[in-house]
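Right, one structure below, let's go through it.
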Amino acid sequence: VHVRASVEGVSAALGLEQAISPMTRLGMRLQVSFPGGVELSLRCRRGDQRLIIPVVVSDTVSPSALLYSTALPLTAFFLLRECVVRPYVRHCAAAEARLRSTLLESELAKKRRENESFVQLMTETYTNGVSAEQNRRGLVIRNAWYGKLASGADDTEDGAAAGDEDCGIVDVTVALQCLVRDSRLVLYDTDKSALPGFFDPAPQQPKKLRVRYEF
């Protein structure tokens with residue numbers, strides 16, 4: 001709402017605007033001037049481009065002109081917003097969320113395949129490492145899981161969950177055993193998904209590393 005008074009007269013303006021996308025906004029502006037009359041402007045802005053359609057409702061200020069220039073446009077504006085714009089915005093948001101979910105699932109599937117390839121590649125190293133640690137009665141990783149682990153779950157539950165691609169858990173037994181050197185496993189306080197044989201199975205969610213070992 002904007003009100004201005006000068007020696008030439010008095011004017012008041014009321015504006016409404018609604019975003020229908022990050023780049024597009026629709027709006028209207030009602031200006032009442034005395035003298036001057038009533039003018040309604042329909043506006044559309046997309047990026048740096050603007051379209052303004054001025055409509056002169058009346059050359060004079062009268063009750064009927066104010067009624068037609070306020071009640072009808074406001075009713076049309078709110079009906080358009082509730083029946084068209086907001087459903088469209090919700091539809092676009094849902095479509096974008098589905099696209100993000102699809103891309104995330106595809107990326108997780110790719111990383112899970114890469115992890116399976118790593119496990120196959122490191123099988124011999126893992127077997128030799130376990131054998132060497134057992135001979136010296138050192139550190140042997142029996143089971144290790146990383147991801148969205150439930151508190152209090154046992155190894156059987158974690159193992160069963162890790163077999164489900166949507167579980168948010170990955171088996172990192174081989175990866176951890178391959179990091180054991182001279183019966184020592186050193187893990188720094190960094191992002192575990194960056195370790196060899198790891199990946200982030202549950203993006204943007206809290207994760208845990210659960211290890212069962214012999215020493």
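All figures in this text were calculated on a predicted structure; none of them were measured in a lab.
- No more than 12 heavy atoms of other residues, nucleotides or ligands lie within 6.0 Å of CD in Q49, so this atom counts as exposed by the packing criterion.
- Under a hydrophobic-cluster definition in which Ile, Leu, Val, Met, Phe, Trp and Tyr are linked whenever side-chain heavy atoms come within less than 4.5 Å, directly or via other members, L30 and L42 are assigned to the same cluster.
- In this structure, Q205 places its CD atom where more than 12 heavy-atom neighbours from other residues, nucleotides or ligands lie under 6.0 Å away.
- Counting non-hydrogen atoms of other residues, nucleotides and ligands closer than 6.0 Å to OH of Y213 gives a total of 12 or fewer.
- Residues L187 and F215 are members of one and the same hydrophobic cluster, defined by side-chain heavy-atom contacts under 4.5 angstrom among Ile, Leu, Val, Met, Phe, Trp and Tyr.
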Let me see the working for R142 and E214 under side-chain contact (heavy atoms from CB on, under 4.5 Å), right down to the final yes or no.
CA-CA 7 Å; R142 289 302 182 189; E214 292 180 1; 2.9 Å; yes
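- The environment of CG in D191 is crowded: more than 12 heavy-atom neighbours from other residues, nucleotides or ligands sit within 6.0 Å.
- No single ILVMFWY cluster, assembled from side-chain heavy atoms under 4.5 Å apart, contains both L179 and V174.
- Side chain of R181 to backbone of C178: a donor-acceptor contact under 3.5 angstrom is found.
- By the 6.0 Å contact criterion, CG on N128 is enclosed, its count of non-hydrogen atoms from other residues, nucleotides or ligands being greater than 12.
- M122 and I141 fall into different hydrophobic clusters, where Ile, Leu, Val, Met, Phe, Trp and Tyr are joined by side-chain heavy atoms under 4.5 Å apart, directly or via other members.
- Taking CZ from R29 and CG from L16, the interatomic distance works out to 11.5 Å, rounded to the nearest 0.5 Å.
- In this structure, OH in Y126 is found 12.5 Å from CZ in F118, a value given to the nearest 0.5 Å.
- The distance from atom CD of Q18 to atom CD of E82, rounded to the nearest 0.5 Å, is 8.5 Å.
- Around CZ of F78, the count of heavy atoms belonging to other residues, nucleotides or ligands within 6.0 Å exceeds 12.
- When the options D171, L195, V170 are evaluated for a side chain to side chain contact (heavy atoms under 4.5 Å, CB included) with Y146, the one that passes is V170.
- Side chain of S101 to backbone of A97: no donor-acceptor contact under 3.5 angstrom is found.
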Does the pair K111 and E107 meet the rule for a salt bridge (Lys or Arg N to Asp or Glu O under 4.0 Å), with working shown?
CA-CA 6 Å; K111 290 184 178 297; E107 183 66 18; 3.6 Å; yes
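- R136 CZ: more than 12 foreign heavy atoms inside a 6.0 Å radius.
- Residues V172 and V140 do not share a hydrophobic cluster, clusters being chains of Ile/Leu/Val/Met/Phe/Trp/Tyr side chains in contact below 4.5 Å.
- Rounded to the nearest 0.5 angstrom, R210 CZ and I169 CD1 are separated by 8.0 Å.
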